[in-house]
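For the numbers below, each heavy atom of this structure counts, side chains included, while hydrogens, waters and symmetry mates do not.
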Amino acid sequence: MLTKNKTNRRLLANAIRFLSIDAVEKAKSGHPGAPMGMADIAEVLWNDFLKHNPINPSWWNRDRFILSNGHASMLLYSLLHLTGYEVSIEDIKQFRQLHSKTPGHPEYGHTPGVETTTGPLGQGFANAVGMALAEKILSQEFNREGFPIIDHYTYVFAGDGCIMEGISHEAASLAGRWQLHKLIVFYDSNSISIDGNIEGWFIDDTKKRFEAYHWNVIGPIDGHNPEEIIDAIKKAREEKQKPSLIICKTIIGYGSPNKSGKESSNGAPLGQEEVALTRKVLHWEYEPFFIPKEVYEAFDARSKGQKWEEEWNTLFQQYKEKYPELASELERRMNGDLPQNWNEVKEILLKQNFPEKEATRKTSQNIINLIKPYLPELLGGSADLTHSNLTLWKQGKDIVKYNFNGDYIFYGVREFGMFAIMNGIFLHKGFRPFGGTFLVFSDYGRNAIRMSALMNLGVIYLFTHDSIGLGEDGPTHQPIEHIPSLRLIPNLYLWRPYNYYETFVAWEFALKNKTSPTLIVLSRQNIYMDHTNQNFEGIQRGGYVLIEQEDYEVTLIASGTEVDLVLKLVKEIQKKVRIVSIPCLELFKQNSQEYQNQVLGLKEKRFVIEAAHPSSWYEFVDPKKVWGIQKFGLSGPDTALWKEYGFTVENLSDWIQENL
């Protein structure tokens, strides 16, 4: 076994460097510079501090490692390979190739040991804040004296790009407020981004900036000096009040005689001649992809990982014997299972007295109030719109820095940060996070929503104020294109419920769906709700016939609040009608063509009414027969706006008659 002196540590770090160099060179694509620059930090962290088990990457109490600057993916793949994860040397050779285990950026659920998908800079940083928050809340809820069942760190590698991105600062501000002292971020400060030296566009005093966020800032240190790295990590772990930022001054492309410290090593292979020169400079005398046996032995974490997990398993077994109910509840929540009495909960919900007139945001809040006592894992929040989104329940208690026994998060005006933190909370496991904002502000965090879908995360988004019906706040707050644009994201389900039953089914779908994000889109304005003729099976299929008159002549299709409007049309239109409610178009489209046609009826008879851009419906209906909105809103009372945009019984009746 290699002793951990400076020479041998450099040998171990060089193994990371040359696996990265060789893989990028073979792929003729990738980013060698960052792995070469961060290799010394990674070697120390993974060999001396990181608690993990390569044989079981999903062990609950492992430390989490997040590569926020995901373009440096070969750094992570090299570490996973060297420490004993199921990432073979053949996988390394297939870097960036189709269907390989080593794609261009790390992908959660695809490569063993990857904790989150990274690439969009700053989001990994924010995911890590969510993970550290989840660890802190769970530890306070479940740990007992002598039983630190939940007790692990979250480590992050972040580059200059991550630190520039605004989302990292939304998340950093909250991490400081929450005093997440088990969050340790290594800032790879190499002063290079794709466009060159960052002095032209980034002269922030990062140290002071993070100190202002109430972080423990260490350094700058020499990111190529193992002793300084070890000392910095120890200081960070000794801190019990603040998250830590370790500023590591590094040289991008370290070891390359002609490209080190330059942007030319950032996003392209070094080239064969430069690779050969780098081998000489770093005294790496091995063929591409060859790693000496003693290096593998020094990195191999399988034995110690198994020992860590076995020790934890013994502790957890003792915990189960002393606290059986707590242990059972923790297992349920970490597995993401609904409680066994969920059907009883449903019965209680369905026996409620339903109001005749209500905003669906209020309907949702009523449902949250009913289900929350049975689902302690629900961790809600809002981006400074709690009392508009109606996301807080009667007994909700907010998370504050001195008390983590709460279940509600006031995120402040940080939509993007909130969404990415929720992704991190879900990735950690133990919670079902949901967060609210106005639908129009989904734009602020859209990429985090996309990442939820890409990673197959069952995160729940509540978007209220869903149309021009919000009224006087005007076009800046009135969503037009948002519903159809969100429907375009693969693996995402957008629900726009009309009444209590549809809202409940939307919530139940969201809770049962652990592999896709669910967006529940809700109204600000009150509407009349019809609760007769409900078809639960139809709602669960995303669309159903609400009312059908014999020998119908027209099919009127709507979602959300416009179902109320369509119901009022029945008396005015002087035609026999079929009324179809489609609360979730994505789910409806998964049905057989036979079912879709059975619900929608003959195509020439179909009309759609939805207060959004009409493009979602063109595959089902002649575009001339979709009444939507294709221009921005206006400021005024909602009653005036509905009339202005033609959403009145009289106008729609005339339109239908003209287009039959």
Ring centers of Phe607, Trp617 separated by less than 6.0 Å: no
NE2 on His531 to CG on Asn353, rounded to 0.5 Å: 11.0 Å
Test salt bridge (Lys or Arg N to Asp or Glu O under 4.0 Å) applied to Asp407 and Lys394, Lys397, Lys372, the passing residue: Lys372
Lys346 bridged to Glu508 by N-O distance under 4.0 Å: yes
Backbone N/O of Ala453 and side chain of Asn491: donor-acceptor pair under 3.5 Å: yes
Distance-only side-chain donor-acceptor flag, Thr503 / Ser364, under 3.5 Å: no
Any donor-acceptor pair under 3.5 Å from Asp384 side chain to Gly412 backbone: no
Contact summary for Ser635 and Pro475, nearest pair of heavy atoms: N-CD, 4.0 Å
More than 12 heavy atoms of other groups within 6.0 Å of Gln574 CD: no
4.5 Å side-chain heavy-atom contact, Val580 and Thr555: yes
Partner of Asp466 under salt bridge (Lys or Arg N to Asp or Glu O under 4.0 Å), chosen from Arg361, Arg496, Arg524: Arg496
Salt bridge flag under 4.0 Å for residues Glu572 and Lys568: no
Output field: ring centroids Tyr374/Trp342 closer than 6.0 Å: no
Sub-4.5 Å side-chain heavy-atom contact between Tyr645 and Leu634: yes
Derivation of the side chain to side chain contact (heavy atoms under 4.5 Å, CB included) call for Asp443 and His482: CA-CA 8 Å; Asp443 283 344; His482 298 74; 2.9 Å; yes
Closest non-hydrogen atom pair, Trp655 against Ile609: CZ3-CG1, 4.2 Å
Crowding at CZ, Phe632 (>12 non-hydrogen neighbours, <6.0 Å): no
Side-chain donor-acceptor pair present, Gln365, Asn389, cut-off under 3.5 Å: no
Main-chain N/O of Gly471 paired with Gln478 side-chain donor or acceptor, under 3.5 Å: yes
Minimal non-hydrogen separation, Ser173 against Arg414, with atom names: OG-NH2, 2.9 Å
Atom pair CG/OG1 of Leu492 and Thr518 - distance to nearest 0.5 Å: 7.5 Å
Salt-bridge criterion met for Glu610 and Arg487 (N-O under 4.0 Å): yes
Donor-acceptor under 3.5 Å (Glu170 side chain, Met418 main chain): no
Geometric cation-pi criterion Lys589 and Phe620, 6.0 Å radius, 45° cone: no
Near-ring test Phe441/Tyr444, centroid separation under 6.0 angstrom: yes
Parallel, tilted or perpendicular, as decided by the 30° and 60° cut-offs, for the rings of Trp495 and Phe509: tilted
Ring centroid separation Phe426 to Phe431 under 6.0 Å: no
Chi angles and distances behind the side chain to side chain contact (heavy atoms under 4.5 Å, CB included) call for Val156, Arg64: CA-CA 8 Å; Val156 184; Arg64 272 62 170 176; over 6 Å; no
Verdict with supporting geometry, Arg541 and Phe536, side chain to side chain contact (heavy atoms under 4.5 Å, CB included): CA-CA 9 Å; Arg541 297 179 78 164; Phe536 266 100; over 6 Å; no
Side chain to side chain donor-acceptor pair (under 3.5 Å), paired with Gln123, selected from Asn447, Thr116, Thr117, Thr118: Asn447
Ring center gap for Tyr461 and Phe434 short of 6.0 angstrom: no
side-chain hydrogen bond (donor to acceptor under 3.5 Å, both in side chains) between Ser523 and Thr561, intermediate numbers included: CA-CA 7 Å; Ser523 74; Thr561 56; 5.8 Å; no
Gap between atom CD1 of Ile547 and atom CG of Leu556 - 0.5 Å precision: 10.0 Å
N/O donor-acceptor pair under 3.5 Å between Ser73 side chain and Gly104 backbone: yes
Candidate pair Arg606 and Glu553, rule salt bridge (charged side-chain N to carboxylate O under 4.0 Å, His left out), full reasoning: CA-CA 9 Å; Arg606 301 173 190 171; Glu553 301 167 84; over 6 Å; no
Tyr498 side chain vs Asp530 backbone, donor-acceptor pair below 3.5 Å: yes
Pair Ile573-Ile656, side chain to side chain contact (heavy atoms under 4.5 Å, CB included): steps then yes or no: CA-CA 8 Å; Ile573 201 171; Ile656 291 166; 3.5 Å; yes
Nearest-0.5 Å distance, CG of residue Leu427 to CD1 of residue Ile66: 7.5 Å
Close side-chain approach of Glu141 and Phe404, heavy atoms under 4.5 Å: no
Closest non-hydrogen atom pair between Gln525 and Asp638, with its separation: CB-OD2, 3.9 Å
Distance, nearest 0.5 Å, that separates CG of Leu375 from CG of Leu338: 6.5 Å
Basic-acidic side-chain contact under 4.0 Å: Glu329, Arg332: yes
Nearest-0.5 Å distance that lies between atom OG in Ser581 and atom OH in Tyr544: 4.0 Å
Distance-minimising heavy-atom pair for Leu470 and Pro479: CD2-CD, 4.1 Å
Any donor-acceptor pair under 3.5 Å from Asn499 side chain to Glu502 backbone: yes
Short N-O contact, Lys512 and Asp337, less than 4.0 angstrom: no
Side chain Asn591, main chain Phe588, donor-acceptor under 3.5 Å: yes
Validation row: Val570, Gln549 side chains within 4.5 angstrom (heavy atoms): yes
Side-chain donor/acceptor of Glu415 to backbone N/O of Thr437, under 3.5 Å: no
Gln395 atom CD: more than 12 heavy-atom contacts under 6.0 Å: no
Check: Glu650 main-chain N/O paired with Ser653 side-chain donor or acceptor under 3.5 Å: no
Close side-chain approach of Leu600 to Arg578, heavy-atom, < 4.5 Å: no
is_close_aromatic(Tyr408, Phe410), centroid dist under 6.0 Å: yes
Centroid-centroid under 6.0 Å between Phe438 and Phe463 rings: no
Heavy-atom pair with the smallest gap, counting every atom of Arg333 and Leu138: NH2-CD2, 3.8 Å
